[in-house]
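These numbers were taken from a predicted model, which means no experiment stands behind them. All ligand and atom numbering here is 1-based and tracks the order in the structure.
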Amino acid sequence: MFTFSNIRNYQDFLRTSQDGCLLAVEHYLSVIDDKKGLNAFLEVYDREALQRARELDSKRNSGKGMGKLHGVVVSLKDVIAYKGHKLSAASKILGNFVSIYNATAVERLLQEDAIIIGRNNCDEFAMGSTNENSAYGPTLNARDPQKVPGGSSGGSAVAVQAGMCMVSLGSDTGGSVRQPADFCGIQGLKPSYGKVSRYGLIAYASSFDQIGIFAISTEDIGIVLEVIAGSDGQDSSYSNKAQEEYSLAILQEPLKFRVAYFREALEHSSLDPEIRKACYGLVQRLKNAGHQVEPIDFEYLDYIVPAYYVLSTAEASSNLSRYDGIRYGYRSPQVVKEVGLTEFYKSTRSEGFGEEVKRRILLGTFVLSAGYQDAYFTRAQKIRKLLINRNELIFNQFDILISPTSPSTAFKIGEKTEDPISMYLADIYTVYANLTGIPAISLPLFTHTNGMPFGIQAMTNRFKEVFLLQFSQQLTNPG
Ligand code: GLN
């Protein structure tokens, strides 16, 4: 039977196997089929994936070498463009839209011989924390199907959690890779803003959005990051900082880190006491291992979720204006000539978007409107600037900032759907990294007495991914 531990071992196995890629794909297709009740995939590219596996097997057998991701079976969140394949952002409004180009990240996966096995369910337009906002039904947590997998990249997280693929790409605007990784007990990295090209990623809030990686080991995250990061003329927000060999981060000598945590974050009233206790336990463990760990005061904690929701919905209201029924996907059955263009737009958008997306477009339009802009949008921008300045000071003194990833373990399905504010507030620990553009990773370290996994989040200064991966490796594979 096929088993997967990490990419390196898998590729060692391929070197001695004539049909290893095919075995891997057949294995994953059967797991996907067995677990289709979890609703992690919106579409499975079974025939294509089998075909690609055969091609890669024969390429390898004929001595033509192996790309860095040779045979690696990957799934994509349904917001990442894959040429010739449907792309719906789990929304009705994109209908049967088919992408006409590859996202840069996808192009690079393919160049390095990856196998794309399917597209994953998610919250509509990546807005949500539970995957319940999908137009195609919720994804269920494989650990406990009564619970949500987190969101918005819930399908990607479950695909890796339940062994339906080796790694998955998601997107993270306010926590959508890290929080589902936390709820599902796997690792999830949001790279620095400007590290991975956003070309071909459906825009939610462009100054926050980043493609992120789900995997079961830090090493695999490093290998995939090395492939998908890198300069790209198609994304002007991409940083031209030199590329590093992330996959080597884990081979470095163990380091002693200067670690900080926000005192207010660990004392916050919304934090589950068991998670708090585990975090303090970790602080002690890090100290015992010779790292310097210190609490720091952070008086802005209660401002970051409001600032994030003001700025991200403002950007979303503008980004989503392109879905008008004329250019893409779903069109209202109304006839423009009869009802007029404005009425046509209204019905298309009312019928095509789900509740949460509409709520955010309204909120974003409101915070940008004349008379309210200064009170909301401009203020939120000022808060963002304060955070960025503060962040610089923190990382002058420290290497790593740790916090919980989420204040609780996975919610029950339906538990928070009637209370969007409480759902938003649960983003308290993840949005800081998006507001400041720094990289952050969620690491599964613990199991709650309620049976669900949880972990911690580690962050570092912008473009210091190597550091972050070294820290993660030390924490998840001590000794
Ligand atoms: N939960 C956050 C939100 O709903 C995260 C979204 C994301 O990162 N895409 O906005």
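- With respect to the salt-bridge test (charged N to carboxylate O, under 4.0 angstrom), the residues Glu355 and Arg359 do not qualify.
- Residue-level proximity to ligand 1 for Phe208 is absent, since no heavy atom of it falls below 4.0 angstrom.
- Under a 4.0 Å heavy-atom criterion, Tyr424 is not in contact with ligand 1.
- Not a single heavy atom of Ser312 sits closer than 4.0 Å to an atom of ligand 1.
- Of all protein heavy atoms, the one lying nearest to atom 1 (N) of ligand 1 is Ser129 OG, 2.8 Å.
- Atom 2 (C) of ligand 1 has its closest protein heavy atom at Asp427 OD2, 3.2 Å.
- The aromatic rings of Phe353 and Tyr323 lie perpendicular to each other, with more than 60° between the two planes, well past the 30° mark.
- Under the salt bridge (Lys or Arg N to Asp or Glu O under 4.0 Å) test applied with Asp172, the options Lys190, Arg178, Arg198, Lys195 reduce to a single match, Arg178.
- In this structure, the side chains of Phe208 and Val431 stay at 4.5 Å or more apart for every pair of heavy atoms.
- Listed by atom number, the atoms of ligand 1 under 4.0 Å from Ala126 heavy atoms are 6 (C), 7 (C), 9 (N).
- At least one heavy atom of Arg360 sits under 4.0 Å from some atom of ligand 1.
- At a threshold of 4.5 Å between non-hydrogen side-chain atoms, the residues Tyr432 and Ile438 count as touching.
- Side-chain atoms of Ser152 and Lys77, non-hydrogen and from C-beta on, do get closer than 4.5 Å to each other.
- For the pair Tyr308 and ligand 1, a heavy-atom separation below 4.0 Å is found.
- The Ser152 neighbourhood of ligand 1 comprises atoms 9 (N), with distances under 4.0 Å to a heavy atom of that residue.
- Residues Tyr246 and Ile221 are not in side-chain contact: their nearest non-hydrogen atoms beyond the backbone lie 4.5 Å or more apart.
- Proximity to Asp172 (heavy-atom distance under 4.0 Å) selects the following atoms of ligand 1: 8 (O).
- Taking any N or O of Met127, backbone or side chain, none lies under 3.5 Å from an N or O belonging to ligand 1.
- Among the atoms of Gly174, some N or O lies under 3.5 angstrom from an N or O of ligand 1.
- The heavy atom nearest to atom 9 (N) of ligand 1, out of those in Ala205, Ser176, Ala426, is found in Ser176.
- Ion pairing between Glu43 and Lys86 fails under the 4.0 Å rule for side-chain N and carboxylate O.
- Ring geometry for Phe298 versus Tyr300: interplanar angle over 60°, hence perpendicular rather than tilted (30 to 60°).
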